Amino acid sequence: MKHKIIILLILFLGLGSCKKDRVEVDILIKNGTVYNGVDSIPSALTLGLVGDKIAYVGTGKHMDFSANRIIDAEGMIVSPGFIDPHTHADRELKNPKESHNIPFLFQGVTTVVVGNDGSSDYPLAEYEQLYKSNGVGTNVAFLVGQGTIREKVMGNSDREATDVEILKMMELVQQEMDAGALGMSTGLFYAPGSYASTEEVIALAKVVRQNHGIYDTHLRDEGAYSIGLVAAVKEAIEIGEKADLPVHISHIKCLGKQVWKQSDSLITIIEEAQKKGVRVTANQYPYEASATGLKAAVVPRWAESGGKDSLFIRYADARLKPQILHEVAENIVLRGGADKLLIVDSDHKEFEGKTLQEIAQEMGLDANEAVFEILDKGYARVASFSMAPYDIKNFMKQDWVVTSSDGNTGHPRKYGTFPRKYKEYVKSGVINLADYINGSTSRTADILGIPQRGTIQEGYYADVIIFDPETFGDKADYQDPFQLSEGLQYSIINGKISVEKGTYNGQLNGRTIKNE
Ligand SMILES: [Zn+2]
């Protein structure tokens, strides 16, 4: 009798372990090669999504799934959605007709950061509400721009801030941090950010520190324009050290022949700071051309203080004009020459697609004089071919450098960054696929302080992309920078499908992400 009971018990337990667990999920993703955003090797895993979260990650063995949607990812890469820490997508996101954020979506980006380079929409609380009511195609996180705050308090004046003005700026930074900014950005190369001393920036960074935010910077000099690239990196580190907060250097690069191959010494300086306990990281876009406003690229800051009108008043002044033209000519040389400056976007469409040299020739002017004819017709943006492959690869290989697009109109990076990095640098073996994915997902989330995203893990938000390793790549180039990338099969944002079999379904599944 006793034996019988034991045998029955064994049978019962045996049957029990064979019985499959029944799990209900909304979306099941199976048969894919899963890179979870953290590990260095992929796994064959099944993902179950419920609501806006990842509810199951495992082998799927002994599981009986019931799913509303099953995605067979055979032959595909499954990854956390990419996080882009430096974009200018705010220009589109605030417009309900463009808030789908398609250029980024097709790169596999599910979260963008806006408010970079010291310039943010103000006040944040209002814009965050606007994004929410319009709906957004990707998640959006915010930075408060130091240039914007300075302008609110001091206009475009190039003078030093008084103590009272600094206190007022600190108050406004606090207000924007309260509204959910992840940190503060600076554009110390650009006016009016460039007029701020290191001390002024440190005072504001201390407010950010109290709110556990980060300091994101477009360096004061990425080349040999003013203080020099090395001094600019040291300034960023000093700000991080004195204000005791993490420093994130945006679009790290060696801009212009004069500073090529300085990446080696910069890496040493940054890693020494890291050893001393300063948390320094950087982001980078995988292109040899930078892009910025023509004015920012070649006009000296003192000459534009006060804005465009002030610039043209000074230019008309016979005592100042020779000096302005002289410095503009020097800056054109620093950018590699007038033939290396391509107008990619302009209020005056005839300039687009031409180099500064070509336009100057057509006008019968010297290049430095042509600059003012172009600026007189309105805004003009230039792509400037001024980076060396050596430095690009050198920075890319560092585990503290993550992917960013710096996406703005006219440069192919807005449409191509993430797939291009895969196509050009992963496929050729400069970096491996896991490093590429980890440096576009979890490491970025970590740097920015974005919780529960960037990793495929149970309990995390279901931002998941699926791409074809054969075809994933960029198509945008300088001639046609508006071509969507290809090879993305699925994009799932907050548990909802946005891209399906390579086609966008028009849904606005993004959310605003706030520093809480
Ligand atoms: Zn920038």
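Atoms within each ligand, like the ligands themselves, are counted from 1 in listed order. Bear in mind the structure is a predicted one, so any value in this text is a computation, not a measurement. Residue numbers count from 1 along this sequence. For the numbers below, each heavy atom of this structure counts, side chains included, while hydrogens, waters and symmetry mates do not.
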Side-chain donor or acceptor of N139 paired with backbone N/O of R511 under 3.5 Å: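 Yes, because the side chain of N139 sits within donor-acceptor range (under 3.5 Å) of the backbone of R511.
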
Opening angle at the Zn ion (ligand 1) [OD1, D117; NE2, H251; to 10 degrees]: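 Reported to 10°, the angle equals 110°.
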
Shortest-distance N/O/S atom, H218 versus the Zn ion (ligand 1):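 Nearest N/O/S atom: ND1.
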
The Zn ion (ligand 1) to nearest N/O/S of H86 below 2.8 Å: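 H86 does not place any N, O or S atom closer than 2.8 Å to the Zn ion (ligand 1).
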
Parallel, tilted or perpendicular: rings of F467 and F472 (30°, 60°):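 Rings of F472 and F467: parallel, under 30°.
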
Side-chain donor-acceptor pair present, Q174, D178, cut-off under 3.5 Å: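 Looking only at side-chain atoms, D178 and Q174 do form a donor-acceptor pair, the distance falling under 3.5 Å.
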
N-O pairing of E176 and K152 below 4.0 Å: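 A salt bridge is absent here (no side-chain N lies under 4.0 Å from a carboxylate O).
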
